[in-house]
Amino acid sequence: MQHLTTIGFDADDTLWQNEQFFRMTQHHFAELLADFAAADHLGERLLEAERRNLGHYGFGIKGFTLSMIETAIEVTDGKVPSRVIADILDAGREMLRHPVETLPHARETLTELAGSHRLVLITKGDLFDQERKVAASGLGDLLDAVEIVSDKKAETYRTLFARHGDGPERAMMVGNSLKSDVIPAIEAGGWGVLVPHDLTWELEHAEAPREAERFHEMPTLAELAALVRDIG
Ligand SMILES: [Mg+2]
């Protein structure tokens, strides 16, 4: 019997670059508000707003844009010029147009595994934006399914790996976030493979489950196919 039949892939900063666009925009945001707040203080306030707003807006660029506006109002005591608000909205729209840059080994790894395993893209974020990125990445044809979800919890993986595979026990999730990709997939009964990215959003950090038998970590996707063959 094949032990592993289904492999879930995170998208942002696993198959293609993402966080770098948030960092660039945040840098621009700090410049726009330089007269009102120091960059580090502004960054903290923005992160607080994002955390507060996750339950309202979910993950993605639209929520990030609204959190920037909220933070701009806060740090200026309500005096933020409308020109700055317009610039923030422009910066958000600019993010929604950013080119899709796939990460090294993404295409070859998916190509190598596509014949033998069911491959499912599992991502959070704005629906339109993620659909756009899947199309622009050119990786869509290698995937058996694309799931854009509001959050990634153990229950999410139980449901999705039952829907697209043979349940979480015969599935693996691969991603750059311990909190969203690795830990909940292992909790659901599957394998969790961490492929770290230099840039990972602060709210995605968590302690690595080093004691878990089904936890693996690798520097790039280049080593994934060998691990999959080992598991059998
Ligand atoms: Mg990610």
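In each ligand, atom 1 is the first atom listed, and ligand 1 is the first ligand listed. This structure is a prediction, so every number in the text was calculated from the model and none was measured.
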| Side-chain donor-acceptor pair under 3.5 Å between H28 and E94, yes or no? | no
| query | Quick one: do the Q17 and D12 side chains pair a donor with an acceptor below 3.5 Å? | reply | no
| remark: Listed as residue and atom, the protein N/O/S atoms under 2.8 Å from the Mg ion (ligand 1) are D10 OD2, D12 O, N176 OD1
| said: Can you list everything that forms a ring-ring contact (aromatic ring centres under 6.0 Å, His included) with H105? Sequence neighbours excluded, please. | reply: none
| remark: Residue pairs meeting ring pair (Phe, Tyr, Trp, His ring centres under 6.0 Å), one or both in residues 32-61, sequence neighbours left out, come to none
| query | Going by atom types alone, do Q130 and T123 pair a side-chain donor with an acceptor below 3.5 Å? | reply | yes
| request: Keeping to residues at least two apart or across chains, list the salt bridge (charged side-chain N to carboxylate O under 4.0 Å, His left out) pairs with something in residues 218-232. | output: E112-R229
